[in-house]
Amino acid sequence: MSDERVRHELDQLKAGIIDLYTEEELVKKMTRFHKEGKPMIVKAGFDPTSSDIHLGHTVLMNKMRQFQDLGHRVAYVVGDATAMIGDPTGRNKTRKVLTRDEILEHAKTYATQAFKILDPQKTEMVFNSTWLFKLDFIKLIDLTSKYNVARMLEREDFKNRFKSGDSISVHEFLYPLAQGYDSVALKSDVELGGTDQIFNLLVGRKLQADYGQEPQVVMTVPLLVGLDGVQKMSKSYGNYIGVTEPADSMFAKVMSISDDLMWSYYELLTTVPVEEIAAMKNGIANDTVHPRDCKVNLALFITARFHGEPAAREAKENFYRDVPSNLAEYAVTLPDGGLPLIDLIVQLGFTESKGDARRMLQQGGVYIDANKVSDAALKITSKDSFVLKAGKKKIGRVNFS
RNA sequence: GGAGAGGUUCCCGAGUGGCUAAAGGGGGCAGACUGUAAAUCUGUUGUCAUACGACUACGGAGGUUCGAAACCUCCCCUCUCCA
């Protein structure tokens with residue numbers, strides 16, 4: 001019966017979800033969908049302050065895709081208006097204000113990346129400036145009157161900042177309200193977000209009720225921890241793997257995570273069944289399985305997802321080779337008097353400054369064709385091409401002309 | 001509006017006239033070890049210069065001084081308490 005079907009779909013949707021407010025309401029909406037055929041509007045917002053989608057986003061997008069596969073529609077909200085506030089996480093004290101063009105540009109590249117996962121036929125991309133910029137002063141006052149400061153201060157970071165005496169600007173209170181108002185404007189049935197979004201998502205519920213709508217169901221997905229193993233994956237922390245990154249670097253980055261972190265990547269980014277993951281853990285515990293091999297498989301899985309199997313295998317081979325096969329190539333003009341190695345390193349962008357380059361050289365991090373170079377004053381005089389390696393990650397073939 | 005405390009290098013944070021490119025920690029980078037992991041250890045961490053050294057930097061603008069991150073004036077910003 002239809003009940004069965006709803007039950008089954010519910011299990012699917014609940015998989016990997018942290019918070020769900022509330023299950024009853026979700027069931028009600030799903031049942032209605034099956035009876036009346038009107039798809040749910042599943043909302044998720046994205047901040048267009050950067051243009052790259054990384055693996056952290058994909059956790060959320062997979063869930064969105066699931067809803068689409070069950071026949072629902074996704075409202076992909078580009079937070080161009082809310083970006084002007086910046087989600088008050090307390091760390092972005094001076095957030096760079098983006099121009100209109102930059103935001104549109106970001107939204108565009110964002111979308112093409114998003115559709116590696118989402119179904120474009122069932123996705124509406126909307127900009128929240130469409131309705132937020134139309135709020136006049138009267139309506140804004142009305143909106144702000146629907147929430148009070150005490151409740152606002154319940155939000156974790158507001159609370160902390162208030163307690164520790166850091167500044168909170170009044171306009172930051174507008175962020176949750178604006179995001180909540182998005183839900184009102186879209187009449188969303190479900191809103192998805194990371195666990196750090198829970199407060200904002202719940203504001204949406206309250207506001208919808210205040211505006212006489214049926215409140216949205218709120219679901220959160222776990223945050224993916226970034227490569228550093230500490231903070232959530234985020235572009236601003238530089239601990240991310242972008243979905244458009246080359247296979248080689250994607251593979252290498254996965255390999256660089258800690259063994260502990262590997263498990264949450266398995267759970268959040270792969271379809272490997274939990275039993276298998278448990279088996280791997282067991283194997284490692286009794287020394288029959290090497291953790292490195294588990295990580296290689298993880299890296300293969302993730303790389304293959306965005307680049308296909310063959311590319312993933314090639315990335316693996318490159319990873320174990322001293323010199324990758326598809327090495328970056330650099331064309332350099334050799335000046336008459338020769339080119340100091342230090343200058344070359346800077347010129348290739350391997351280090352930021354000459355001092356940095358010199359340091360790296362002195363510390364033994366520079367190799368030419370697999371031979372360590374320690375002479376900081378070395379000058380390149382011959383036009384023979386060679387492979388230059390500076391540090392662990394910077395490597396390339398240099399061709400002179 | 002009143003009173004007080006502050007703004008230091010990527011971050012936190014010491015420094016109250018020359019010994020300060022500025023302690024300490026975090027982070028970053030490099031090296032050792034390893035599994036091109038983590039943890040640990042070592043080194044390093046403003047720019048230019050082979051080097052001597054030069055330049056830039058302690059919220060902003062002026063000033064005092066042979067010499068200022070430090071002292072004075074004004075301004076900007078943050079926080080706390082009072083109204």
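Everything numeric here is computed off the predicted structure, so don't read it as measured data. Quick note on labels: first sequence line is chain A, next is B, and so on, each numbered from 1.
The nearest whole Å value for the distance from the CZ atom in A:Arg359 to the P atom in B:G28 is 17 Å. Protein atom OH of A:Tyr237 is 14 Å distant from nucleotide atom P of B:C11, rounded to whole Å. Distance, A:Gln231 CD to B:C11 P: 15 Å, rounded to whole Å. The distance from atom CZ of A:Phe350 to atom P of B:G28 is 21 Å, rounded to the nearest whole Å.
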Shorter than 3.5 Å, N or O on both sides, protein versus nucleotides 2-5 of chain B: list them out with atom names.
none

Polar pairs (N or O, both sides) under 3.5 Å between protein and nucleotides 48-51 of chain B?
{"unit_1": "B:C48", "atom_1": "OP1", "unit_2": "A:Lys354", "atom_2": "N", "d": "3.0"}
{"unit_1": "B:C48", "atom_1": "OP2", "unit_2": "A:Lys354", "atom_2": "N", "d": "3.2"}
{"unit_1": "B:C48", "atom_1": "OP2", "unit_2": "A:Gly355", "atom_2": "N", "d": "3.1"}
{"unit_1": "B:A49", "atom_1": "OP1", "unit_2": "A:Lys354", "atom_2": "NZ", "d": "2.4"}

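Between B:C52 and B:G67, the two C1' atoms lie 22 Å apart (nearest whole Å). A gap of 13 Å separates the P atoms of B:A68 and B:C58, to the nearest Å.
Using N1 to N3 plus N6-O4 or O6-N4 for Watson-Crick, or N1-O2 and O6-N3 for G-U wobble, each under 3.5 Å, B:A51 pairs with nothing. Across all strands shown, the partner of B:A30 is B:U42, judged by Watson-Crick or G-U wobble contacts whose two distances both fall under 3.5 Å. B:A3 is paired with B:U80 under the criterion used here, namely a Watson-Crick or G-U wobble arrangement in which both key atom distances are under 3.5 Å. The partner of B:A23, taking Watson-Crick or G-U wobble pairs whose two distances both stay under 3.5 Å, does not exist in any strand shown. With both pairing distances under 3.5 Å, B:A57 is matched to nothing as a Watson-Crick or G-U wobble pair. With a cut-off of 3.5 Å on both Watson-Crick or G-U wobble distances, the partner of B:U65 is given as none. Base pairing analysis places B:G17 opposite nothing; no Watson-Crick or G-U wobble pair with both distances below 3.5 Å involves it. In this entry B:A70 has no Watson-Crick or G-U wobble partner, no candidate having both defining distances under 3.5 Å.
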Could you pull out all donor-acceptor pairs under 3.5 Å where a side-chain atom in residues 388-401 of chain A meets a protein atom, sequence neighbours excluded?
{"unit_1": "A:Arg397", "atom_1": "NH1", "unit_2": "A:Ser385", "atom_2": "OG", "d": "2.9"}
{"unit_1": "A:Asn399", "atom_1": "OD1", "unit_2": "A:Ser385", "atom_2": "OG", "d": "3.4"}
{"unit_1": "A:Asn399", "atom_1": "ND2", "unit_2": "A:Glu329", "atom_2": "OE1", "d": "2.7"}

Enumerate donor-acceptor pairs with a distance under 3.5 Å from any side-chain N or O in residues 267-276 of chain A to protein atoms, sequence neighbours excluded.
{"unit_1": "A:Thr270", "atom_1": "OG1", "unit_2": "A:Tyr266", "atom_2": "O", "d": "2.5"}
{"unit_1": "A:Thr270", "atom_1": "OG1", "unit_2": "A:Val272", "atom_2": "N", "d": "3.2"}

Please report, to 0.1 Å, the donor-acceptor pairs under 3.5 Å made by any side chain of residues 55-69 of chain A, with sequence neighbours excluded.
{"unit_1": "A:His57", "atom_1": "ND1", "unit_2": "A:His54", "atom_2": "N", "d": "3.0"}
{"unit_1": "A:His57", "atom_1": "NE2", "unit_2": "A:Tyr110", "atom_2": "OH", "d": "3.4"}
{"unit_1": "A:Thr58", "atom_1": "OG1", "unit_2": "A:Leu55", "atom_2": "O", "d": "2.5"}
{"unit_1": "A:Asn62", "atom_1": "OD1", "unit_2": "A:Arg305", "atom_2": "NH2", "d": "2.7"}
{"unit_1": "A:Asn62", "atom_1": "ND2", "unit_2": "A:Thr58", "atom_2": "O", "d": "3.2"}
{"unit_1": "A:Lys63", "atom_1": "NZ", "unit_2": "A:Gln12", "atom_2": "O", "d": "3.4"}
{"unit_1": "A:Lys63", "atom_1": "NZ", "unit_2": "A:Leu13", "atom_2": "O", "d": "2.8"}
{"unit_1": "A:Lys63", "atom_1": "NZ", "unit_2": "A:Ala15", "atom_2": "O", "d": "2.7"}
{"unit_1": "A:Lys63", "atom_1": "NZ", "unit_2": "A:Gln66", "atom_2": "OE1", "d": "2.8"}
{"unit_1": "A:Arg65", "atom_1": "NE", "unit_2": "A:Asp69", "atom_2": "OD1", "d": "3.0"}
{"unit_1": "A:Arg65", "atom_1": "NH1", "unit_2": "A:Ile117", "atom_2": "O", "d": "3.1"}
{"unit_1": "A:Arg65", "atom_1": "NH2", "unit_2": "A:Asp69", "atom_2": "OD1", "d": "3.4"}
{"unit_1": "A:Gln68", "atom_1": "OE1", "unit_2": "A:Asp119", "atom_2": "N", "d": "2.8"}
{"unit_1": "A:Gln68", "atom_1": "NE2", "unit_2": "A:Asp119", "atom_2": "O", "d": "3.3"}
{"unit_1": "A:Gln68", "atom_1": "NE2", "unit_2": "A:Lys122", "atom_2": "O", "d": "3.0"}
{"unit_1": "A:Gln68", "atom_1": "NE2", "unit_2": "A:Thr123", "atom_2": "OG1", "d": "2.7"}

Compile the donor-acceptor pairs under 3.5 Å between side chains in residues 239-250 of chain A and protein atoms, sequence neighbours left out, one pair per line.
{"unit_1": "A:Asn239", "atom_1": "OD1", "unit_2": "A:Ser234", "atom_2": "N", "d": "2.9"}
{"unit_1": "A:Asn239", "atom_1": "ND2", "unit_2": "A:Asp228", "atom_2": "OD1", "d": "3.4"}
{"unit_1": "A:Asn239", "atom_1": "ND2", "unit_2": "A:Asp228", "atom_2": "OD2", "d": "3.4"}
{"unit_1": "A:Asn239", "atom_1": "ND2", "unit_2": "A:Gln231", "atom_2": "O", "d": "3.4"}
{"unit_1": "A:Asn239", "atom_1": "ND2", "unit_2": "A:Lys232", "atom_2": "O", "d": "3.2"}
{"unit_1": "A:Glu245", "atom_1": "OE1", "unit_2": "A:Ser249", "atom_2": "OG", "d": "2.6"}
{"unit_1": "A:Glu245", "atom_1": "OE1", "unit_2": "A:Lys253", "atom_2": "NZ", "d": "3.3"}
{"unit_1": "A:Glu245", "atom_1": "OE2", "unit_2": "A:Gly242", "atom_2": "N", "d": "2.8"}
{"unit_1": "A:Glu245", "atom_1": "OE2", "unit_2": "A:Lys253", "atom_2": "NZ", "d": "3.0"}
{"unit_1": "A:Asp248", "atom_1": "OD1", "unit_2": "A:Asn318", "atom_2": "ND2", "d": "3.3"}
{"unit_1": "A:Asp248", "atom_1": "OD2", "unit_2": "A:Asn318", "atom_2": "ND2", "d": "3.2"}
{"unit_1": "A:Asp248", "atom_1": "OD2", "unit_2": "A:Asn326", "atom_2": "ND2", "d": "3.3"}

### Task
Carefully, step by step, assess A:Phe115 and A:Tyr76 under the rule ring pair (Phe, Tyr, Trp, His ring centres under 6.0 Å).
CA-CA 11 Å; A:Phe115 290 135; A:Tyr76 183 108; 7.1 Å; no

### Task
Walk me through it: do A:Lys146 and A:Asp142 pass the test salt bridge (charged side-chain N to carboxylate O under 4.0 Å, His left out)?
CA-CA 7 Å; A:Lys146 299 199 186 299; A:Asp142 184 48; 3.7 Å; yes

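Residues from residues 239-267 of chain A placing a heavy atom under 4.0 Å of any atom in RNA chain B, listed by number, are A:Met255, A:Ser256, A:Ile257, A:Ser258, A:Asp259. The stretch residues 298-315 of chain A has no heavy atom under 4.0 angstrom from RNA chain B at all. Near RNA chain B, meaning a heavy atom under 4.0 Å away, the residues from residues 385-396 of chain A are A:Gly391, A:Lys392, A:Lys393.
When each of A:Asp228 and A:Arg321 is assigned the nucleotide of RNA chain B bearing its nearest heavy atom, the one mapping closer to the 5' terminus is A:Asp228.
In this structure A:Asp375 satisfies the side chain to side chain contact (heavy atoms under 4.5 Å, CB included) test together with A:Ala377, A:Leu378, sequence neighbours excluded.
Under the 6.0 Å cut-off for aromatic ring centres, A:Phe158 and A:Phe199 do not qualify, their centroids lying 6.0 Å or more apart.
There is a side-chain donor-acceptor pair under 3.5 Å between A:Asn200 and A:Gln197. Side-chain contact check for A:Asp260 and A:Ser258: no donor-acceptor pair (N or O, by modelled atom type) lies under 3.5 Å. With hydrogens and angles left out, the side-chain atoms of A:Asp19 and A:Thr220 include a donor and acceptor closer than 3.5 Å.
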### Query
Where along nucleotides 22-27 of chain B does protein come under 4.0 Å, by heavy atom, of base (B) or sugar-phosphate alone (S), with - for untouched nucleotides?
------

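A salt bridge is defined here as a Lys NZ or Arg NE, NH1 or NH2 lying under 4.0 Å from an Asp or Glu carboxylate O, and A:Asp157 with A:Arg155 meets this definition.
Applying the salt bridge (charged side-chain N to carboxylate O under 4.0 Å, His left out) rule to pairs touching residues 285-301 of chain A yields A:Asp259-A:Lys295, sequence neighbours excluded.
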